[in-house]
Amino acid sequence: MFETLDDLPEEGRLLVRIDVNSPVENGEVQDNRRFARHAGTLRELADAGHPLAVLAHQGRPGRDTFVSLEQHAEILFEHLDREVRYVPDTYGEEALEAIRNLGAGEILLLENVRMVDEELADRTPEEHAKSALVETLSQEFDAYVNDAYSTAHRGHASIVGFPQVMDSYAGRVMEVEYEANSAIQEREFDGHVAMVLGGTKADDLIGVMERVEDTVDTFLMGGIVGELFLRAAGHDVGYDVEGTDFFDEQWDDQEETIRELLDSYGGRILLPVDLAYEDDAGERAEVAVEGVEKEASFLDVGSETVEGYEEVVADSEAVFVKGALGVFEDERFSKGTVGVIEAIAKTDCFSVVGGGDTSRAIGMYGLSEDDFSHVSIAGGAYVRALTGESLVAIEALSG
Ligand SMILES: Nc1ncnc2c1ncn2[C@@H]1O[C@H](COP(=O)(O)OP(=O)(O)O)[C@@H](O)[C@H]1O
Ligand SMILES: O=C(OP(=O)(O)O)[C@H](O)COP(=O)(O)O
């Protein structure tokens with residue numbers, strides 16, 4: 001098992017990996033629960049007098065959410081109420097100079113680590129440890145702290161490379177989320193178990209669906225992922241239009257597995273029966289899936305689908321949510337996501353809502369975290385934990 005901040009020596013310069021990967025709207029990074037949670041860890045370490053350099057990522061190369069971390073430093077400052085310096089460099093001369101100037105209790109945020117090609121290279125932890133990123137930064141610090149539970153499923157250099165060559169510790173968020181999610185995995189339910197799967201990342205969800213065969217009775221599908229399933233079921237949706245780049249690449253990777261899942265799970269996978277889009281007047285409009293032709297982007301599941309899903313939730317003993325059923329950030333397309341989480345809040349079922357983006361819907365639409373058994377800031381990592389699959393970050397910290 002990994003060591004935690006309770007085991008950390010009193011003195012030492014620390015490299016801390018956090019996950020403040022966030023939604024970006026019109027170029028503006030949106031505050032979310034990840035900042036507040038990681039601020040707690042950073043405050044504890046800074047109060048103890050450690051000089052701190054912080055590593056994090058934002059978006060994926062090629063996506064419009066792939067931006068610098070300058071705004072993240074400002075949001076962290078608001079949560080911490082102490083200066084958070086930012087340097088537009090990750091491990092070059094400028095970064096090294098800023099790191100070497102760090103005094104006791106001072107915090108420096110380094111540039112988006114995914115701007116370094118080596119971060120995302122398909123390599124083993126041992127190979128990642130030999131990257132210039134890890135070799136350079138590891139020499140500047142006494143220890144590495146990984147607090148990024150929500151990235152614990154990614155075998156990237158900043159997650160699995162540093163623990164190979166440095167004394168390593170789990171941060172408070174890593175520790176608490178890991179314990180909470182491991183405890184959920186051990187629970188057994190007598191009644192009906194539903195899993196609501198949406199959002200944009202089909203590859204994360206499909207692997208999970210294959211592995212929870214014995215625990216989940218019904219899957220309620222929506223979002224981009226739901227459309228891919230509809231495409232596999234023979235409907236004329238689930239491909240890119242109007243310059244979107246959500247579908248076709250994922251379809252190429254996942255078509256076969258999606259078809260197999262539909263075949264083997266049959267009626268256990270519920271697909272949307274209607275979808276919502278923006279009409280010419282800018283209003284929400286809905287169309288039945290049967291006979292639909294895709295001319296526009298669909299942005300939510302339709303009202304009939306929501307009603308059906310609400311009924312399943314009402315009859316469930318446990319409901320797990322990962323990913324939004326629509327673009328809930330726009331109120332017109334929030335009906336699917338909010339309908340389902342409101343239905344969960346009304347029952348006393350055991351419930352977990354996960355995902356950095358999806359969990360934001362709770363606060364945005366006037367619900368309280370107390371209405372759910374657990375709200376996780378992690379998405380992909382939490383659903384993997386439910387399957388009992390080990391997380392590469394935990395393996396690296398425990399090694
Ligand atoms: N039909 C859709 N088209 C575009 N985006 C969608 C659609 N449905 C859901 N989304 C988006 O999915 C995001 C959440 O998905 P994702 O990032 O995969 O999950 P999370 O971060 O919650 O784990 C939301 O921000 C929502 O806007
Ligand atoms: O937001 C994240 O995951 P999530 O959407 O599953 O919650 C993590 O920062 C991982 O990001 P990635 O899915 O681009 O590797």
Side-chain angles (χ1 to χ4, degrees), residues 17-25 30 32-34 38 56-66 72 112-114 119-120 147-156 158-159 173 177 181 196-208 221-230 237-238 240-242 244-247 250 272 275-278 294 296-302 305 320-338 340-341 352-362 364 375-385 391-393:
R17 176 59 157 103
I18 62 171
D19 182 6
V20 283
N21 188 28
S22 304
V24 180
E25 286 168 19
Q30 305 296 305
N32 62 82
R33 298 171 68 252
R34 290 181 175 173
H38 288 299
H57 74 274
Q58 171 61 50
R60 298 178 181 182
R63 298 271 170 90
D64 51 12
T65 52
F66 185 58
H72 300 67
N112 186 348
V113 68
R114 288 191 179 172
E119 167 71 356
L120 296 172
D147 209 30
Y149 178 80
S150 42
T151 316
H153 55 311
R154 304 287 186 224
H156 298 159
S158 66
I159 301 291
V173 174
E177 286 272 341
N181 292 326
V196 181
L197 298 177
T200 58
K201 300 174 188 175
D203 47 351
D204 279 348
L205 304 189
I206 286 164
V208 167
M221 311 298 295
I224 302 294
V225 185
E227 262 197 72
L228 288 169
F229 274 73
L230 286 171
V237 297
D240 288 313
V241 288
E242 301 171 336
T244 62
D245 63 353
F246 284 123
F247 296 101
Q250 299 206 78
L275 293 167
Y277 60 97
E278 182 178 18
K294 182 159 183 155
S297 288
F298 294 108
L299 299 170
D300 195 9
V301 296
T305 305
F320 298 98
V321 181
K322 155 66 175 117
L325 297 184
V327 183
F328 67 86
E329 295 88 345
D330 180 333
E331 205 173 343
R332 294 169 302 167
F333 302 106
S334 62
K335 198 165 184 172
T337 310
V338 176
V340 165
I341 61 172
V352 187
V353 178
D357 290 338
T358 307
S359 56
R360 284 174 76 222
I362 294 172
M364 275 175 82
V375 178
S376 177
I377 52 169
Y382 122 76
V383 277
R384 265 185 190 67
L391 296 165
V392 285

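When a ligand or atom number is given, it counts from 1 through the structure's own listing order. Heavy-atom basis, side chains included; hydrogens, waters and symmetry copies ignored. All values derive from a computational prediction rather than experimental measurement.
Geometrically, ligand 2 and G379 share a nitrogen or oxygen pair separated by less than 3.5 Å. Polar contact with ligand 1: absent for S359 (N/O pair, distance under 3.5 Å).
In the candidate list V327, V321, V301, V327 is nearest to atom 4 (C) of ligand 1, counting heavy atoms. Comparing heavy-atom distances from atom 5 (O) of ligand 2 across Q58, K322, H153, K201 singles out K201 as nearest.
Contact atoms of ligand 2 toward G356: 7 (O) (distance under 4.0 Å to a heavy atom of the residue). The atoms of ligand 2 that sit less than 4.0 Å from any heavy atom of G380 are 4 (P), 6 (O). Close contacts between ligand 2 and R114 involve ligand atoms 11 (O), 12 (P), 14 (O), 15 (O) [criterion: under 4.0 Å to a heavy atom]. Against a heavy-atom cut-off of under 4.0 Å, G223 is close to the following atoms of ligand 1: 8 (N). Numbered from 1 in the order shown, with element, the atoms of ligand 1 that lie under 4.0 Å from a heavy atom of T358 read 14 (C), 19 (O), 20 (P), 22 (O). Atoms of ligand 1 lying under 4.0 Å from at least one heavy atom of F246, given by number and element, are 4 (C). Of all atoms in ligand 2, numbered sequentially from 1 with element shown, those under 4.0 Å from a heavy atom of N21 are 1 (O), 2 (C), 8 (C), 9 (O), 11 (O). Using a 4.0 Å cut-off to heavy atoms of K201, the atoms of ligand 1 that qualify are 18 (O).
Judged by distance alone, with hydrogens and angles left aside, the side-chain atoms of D300 form a donor-acceptor pair with the main-chain N or O of K335 at under 3.5 Å. Judged by distance alone, with hydrogens and angles left aside, the side-chain atoms of D240 form a donor-acceptor pair with the main-chain N or O of F246 at under 3.5 Å. Using a distance-only test at 3.5 Å, with no hydrogens or angles considered, no donor-acceptor pair links the side chain of T337 to the main chain of S334. Counting only distance, with no hydrogens or angles, the side chain of N181 and the backbone of Y382 share no donor-acceptor pair below 3.5 Å. Between the side chain of Q30 and the main chain of S22, no donor-acceptor pair closer than 3.5 Å is present. Between the side chain of H38 and the backbone N or O of V173, no donor-acceptor pair lies under 3.5 Å. Between the side chain of T358 and the backbone N or O of A324 there is at least one donor-acceptor pair closer than 3.5 Å. Here the side chain of E119 pairs no donor or acceptor atom with the backbone of R114 at under 3.5 angstrom. With R34 contributing its side chain and I377 its backbone, the two residues share a donor-acceptor pair below 3.5 Å.
Remark: R154 engages D204 in a salt bridge, criterion side-chain N to carboxylate O under 4.0 Å. Between R17 and D147, none of the side-chain N atoms (NZ, or NE/NH1/NH2) sits under 4.0 Å from a carboxylate O, so this pair counts as no salt bridge.
Here F298 has backbone heavy atoms under 4.0 Å from ligand 1, and that is the only part of it that gets that close. Counting heavy atoms under 4.0 Å from ligand 1, residue K322 touches it through the side chain alone.
In this structure, G326 is part of the shell of residues with a heavy atom less than 4.0 angstrom from ligand 1. Not a single heavy atom of G198 lies less than 4.0 angstrom from ligand 1.
With respect to atom 15 (O) of ligand 1, the closest heavy atom belonging to the protein is G199 CA, 3.2 Å. In terms of protein heavy atoms, atom 15 (O) of ligand 2 is closest to R154 NE, 2.6 Å. Looking only at heavy atoms of the protein, atom 2 (C) of ligand 1 is closest to I224 CD1, 3.6 Å. Ranking protein heavy atoms by distance to atom 9 (O) of ligand 2, first place goes to D19 OD2, 2.7 Å. Taking atom 7 (O) of ligand 2 as the reference point, the nearest protein heavy-atom neighbour is R34 NH2, 2.8 Å. The shortest contact between atom 12 (P) of ligand 2 and any protein heavy atom is with R60 NH2, 3.5 Å. Annotation: atom 16 (P) of ligand 1 to nearest protein heavy atom, T200 OG1, 3.7 Å. Shortest contact from atom 14 (C) of ligand 1 to any protein heavy atom: D357 CB, 3.7 Å. Closest protein heavy atom to atom 27 (O) of ligand 1: E329 OE1, 2.7 Å.
The distance from the CZ atom of F66 to the CG atom of N21 is 11.0 Å, given to the nearest 0.5 Å.
Between Q250 and D203, the shortest heavy-atom contact is OE1-N, 3.6 Å.
No more than 12 heavy-atom neighbours from other residues, nucleotides or ligands sit within 6.0 angstrom of CD on E331.
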Item to check | Step-by-step side chain to side chain contact (heavy atoms under 4.5 Å, CB included) determination, R60 to T65 | outcome: CA-CA 7 Å; R60 298 178 181 182; T65 52; over 6 Å; no

